[in-house]
Structure formats: structure tokens, C-alpha cells
Number of protein chains: 2
Amino acid sequence: MARKQGSHADITGPRLREAALRLFARHGFAAVSMRQIAAEVGVQAGALYLYTPDKQALLFELMRGHLEDLLADWQPPGGPPLLQLESFVRHHIRYHLDRPDLVFIAYMELRNLEPANFAVIEGLRRDYETQLESILKRGLATGEFDMADTKLATMALIAMLTGVTTWYREGGRLDRDTVEALYWDMARKAVAAAR
Amino acid sequence: MARKQGSHADITGPRLREAALRLFARHGFAAVSMRQIAAEVGVQAGALYLYTPDKQALLFELMRGHLEDLLADWQPPGGPPLLQLESFVRHHIRYHLDRPDLVFIAYMELRNLEPANFAVIEGLRRDYETQLESILKRGLATGEFDMADTKLATMALIAMLTGVTTWYREGGRLDRDTVEALYWDMARKAVAAAR
DNA sequence: TGGTTATCTGAACGGGTGTTCAATTCAACT
DNA sequence: AGTTGAATTGAACACCCGTTCAGATAACCA
């Protein structure tokens, strides 16, 4: 029963990535089989290999795409470090709330990447962290911020912000704008210089 | 070749839990087989079932033990909320730095718990979060703290603190006491009332 | 209308999975 | 010295894994 209506290649490809993303996020990479993904797509397992060389590449491409989009989607605005930090924090929260599944697997499935793939992903993640640390360093220099160690502060802030995906649920008690504002408030205070 | 030297039951049991903990943390629950664990213990796979009813129970007991220990190990001291918060934060950092593998699987393997087990673990985790939130609420009442939402602040602080396990390495640039002090500094500022 | 080709099926491959259990081994006790 | 029984082996069970590929299908092109 192939080729039922028009070419399926441009439909099955995206559907494969969507199904893999959802299932990996829900059950974990190792716990999901190619046959489960195929069933979700509505196809036999063999057909998936027209669209991905193997299961590992499926995971890697999802993570790489996510991190590259994250990096490309934010450019530091001009202005004082405080304004740059606000832009970074608000963007981080918004971006993560929009893509909970991608964020989830990008943090959870690092262990399941082959060494070469892991190195690429880790590099992209470090690039992202460096963006934040640069802001903190600049703010430290101007005296707007105060912290004993910019690297630790970077990790602490990113962990705090990324944690939003573990509890935020659409339609819950707090709306997205409020969540964004409250995280920005805490982040700002955490690194602020005493006035 | 059984019973080589003395009774092995009180040796194999703990070794099983240690091996499972290490392997689960390193490769993930779903990616580790009972045969791999058995090899680490130095025994055939069948023998593991003298010490655990099944693989799921192995994971569940590790997580339950960790969270129960975490809850039992800290009692709020008397005194003002600021002092209680300091005690909580410092204890959290110390406890997590001492048990990186347990912390890791307790956060990463929730998806692999059967529903009944998940409910237990989630309850324990909520109990722990409630301890922190109580402190924040009290400090908000006394005016020592200032935050718009205690629940969000609780989640943000815990995420920030727990994140220490993702980057801290023994013998690294910062020692444990410094790390503890710097996290306490950020946590304190993040919820502090403007002076 | 007939041939071409992208798309997919369905079976197969070698191997791994969690779990069970009869049989075996051997320290300890009588 | 003989018996007991805790501890373990090793084989077996039924099933699932990622991946490959010859063959079937059907939309498109000449």
C-alpha cells in the first residue's frame, strides 16, 4: 500500500521527527523502539530508514537543531549589561516554554549520544552558556552586578531558568508573561550589586 | 561455584545496589541490562533475583531511599527564616554534592517509574519542596523576603541548587565550601527584600 | 498505455531482553 | 561424616531490538 495519495516523502519525514521527539521526551531515548515510532507515524519500521540513517542520528539531529536554533534566535542587544541580561533571561524562558519536549531531551539524553555527537552538542551548549557569562562579566566590570564567580553564577542561573519546564503547565495558575517576569526578577536580584 | 567463602548474602545485596546505582546513573535505567549489573557484581543474572523482585523495584528502592534520607537528614532549625533558609540551602548543596549519582537518577529516571511508584516518589519530592516553601512563606510574612509567588520561587531555588551536580567535579577549580557559600549568596539575594 | 521510480511492506537476521527454575555447590551444623 | 540449606549457576522461555532488503505498490512521465 505505498503511494496512496501524492508523494509522502515530504510528509513522512517531518512526522518521523515529530513522533520521535514526542516519544523520546515521554519515555526516553533508550525506552522507545523504532517500531513504536513507526507505528506513531503510520508506517512500518523499515520505512523510517528512508529518512534517517539510524536511531542515533534521529536523536542527534533533534538536539543539534534545537541548540542551533536557540543560539541563532538570540542576539545580545546593545545597552548596559542589565538590559542584556533581561533580554537573555526573558528569551530563555519564552524559548523554553515554547519547546518543552526539545528542551527536555536536550538535557536528559546527553548520555545516549555517541562520543562524537556528544562533543558537538556539548560545544553548542557551552557556546550558549558563554553568551550568558559574557554578560555577567561585563556587568561585573561596570559594577552593575556582584558575584564571586561568573562561571558558577552562569550555571546557577541557567539551571534556575531551565527548571521552568519541569513544573510549568499550559493553562495553570500563572500565565507565561507572569512566569517570565518572576524569573527575571529572581535572576536580576541574584546577581545584583548591593545598592 | 556457590558459597566460596562465608555467606555472600550480606555482600551481594549491597553490591547489587551499588552497581545498579552506578550503571543507571551512567547509562540510564532503560539502557542497562540485568546481565550488565550482574557482571558488575560478579554473579550471574539469575542470582540478582534473590535480592530484588525485579528491575523496576531496584530503581524504585534507590530513589525512595534517597528521598527518604534527604527528608530525614534535615530538620529546620529555630530562629528567623533567613537562618532557616541558609541551613536549608547549605544542607541541600552538601547533600547533593555527596551523592551525585543518586541525585542524578532521582531527577532523570522519573519517567521509568511505574505509575504507583511514581506517585510515591513525587509525593516525597513534594514534601521536600514544601519544606523550602514554608520557609519562604514565613520570611515573606516577616518581611525578610520579597517574592511575588512562593511556589515559583521554591521551584526556581531548588532547580538552581540541584543544578550544582551537573557541573561540579571533585578536585576542580572551586572547593565544596566555596561552592556552598556562593550558592547560598545567590539564593539569599534572589529572595531578599530590598533594604 | 506502458515504463519508471519513489515509497513502503513484510519478512528475515543476529542478537539482546527480563525473568524463572531445576540442578549444583559448599559452608555450617549435628 | 553426614546432612542441611543458603547461594549461585546456567540453560531455557517468550519476546523485543535495530537494521537490511527483495519485492510489491502506485503516482507520475513519455
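Note that the coordinates shown come from a computational prediction; the quantities given were computed from them, not determined experimentally.
At whole-Å resolution of the value, CG in A:Leu23 and P in D:dG18 are 12 Å apart. A:Ile11 places its CD1 atom 13 Å from the P atom of D:dA27, with the value rounded to the nearest Å. Here the P atom of nucleotide D:dA24 and the CD atom of A:Gln44 are 17 Å apart, to the nearest Å. A straight line from CG of B:Leu48 to P of D:dT8 spans 10 Å, rounded to a whole angstrom.
Evaluation of the side chain to side chain contact (heavy atoms under 4.5 Å, CB included) rule for A:Glu170 yields A:Tyr168, A:Arg176 as partners, not counting sequence neighbours. Contacts of B:Asp69 classified as side chain to side chain donor-acceptor pair (under 3.5 Å), with partners at least two apart in sequence or in another chain: none. In this view, A:Asp175 and A:Thr178 satisfy the side chain to side chain donor-acceptor pair (under 3.5 Å) rule, not counting sequence neighbours. Taking the salt bridge (Lys or Arg N to Asp or Glu O under 4.0 Å) definition, one finds that A:Glu68 meets it with A:Arg64, sequence neighbours left out.
Judged by the 6.0 Å and 45° rule, A:Arg125 forms a cation-pi pair with A:Tyr107.
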When the side chains of residues 28-42 of chain B are checked against the rest of the protein, which donor-acceptor pairs come out under 3.5 Å, sequence neighbours left out?
{"residue": "B:Ser33", "atom": "OG", "partner": "B:Arg35", "partner atom": "N", "Å": "3.4"}
{"residue": "B:Ser33", "atom": "OG", "partner": "B:Gln36", "partner atom": "N", "Å": "3.1"}
{"residue": "B:Glu40", "atom": "OE2", "partner": "B:Arg22", "partner atom": "NE", "Å": "3.2"}
{"residue": "B:Glu40", "atom": "OE2", "partner": "B:Arg22", "partner atom": "NH2", "Å": "3.0"}

Side chains of residues 111-123 of chain B: which donor-acceptor partners sit under 3.5 Å, not counting sequence neighbours?
{"residue": "B:Arg111", "atom": "NH1", "partner": "A:Phe24", "partner atom": "O", "Å": "3.1"}
{"residue": "B:Arg111", "atom": "NH1", "partner": "A:Ala25", "partner atom": "O", "Å": "3.3"}
{"residue": "B:Arg111", "atom": "NH1", "partner": "A:Glu109", "partner atom": "OE2", "Å": "3.4"}
{"residue": "B:Arg111", "atom": "NH2", "partner": "A:Glu109", "partner atom": "OE2", "Å": "3.2"}
{"residue": "B:Asn112", "atom": "ND2", "partner": "B:Glu109", "partner atom": "OE1", "Å": "2.6"}
{"residue": "B:Asn117", "atom": "ND2", "partner": "B:Gln56", "partner atom": "OE1", "Å": "3.0"}

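Its side chain within the 4.5 Å cluster rule, A:Met108 clusters with A:Phe104, B:Phe104, B:Met108 among the Ile, Leu, Val, Met, Phe, Trp and Tyr residues.
The phosphate of C:dC8 has OP1 or OP2 within less than 4.0 Å of a side-chain N or O from A:Thr12.
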In dot-bracket form, 5' to 3', how is DNA chain C paired? Count Watson-Crick and G-U wobble pairs only if both distances fall under 3.5 Å, and write | where the partner sits on another strand. ||||||||||||||||||||||||||||||

Sugar-phosphate means primed atoms, P, OP1 and OP2; the rest is base. With that split, encode nucleotides 14-19 of chain C 5' to 3' as B, S or - using protein heavy atoms under 4.0 Å. ---BBB

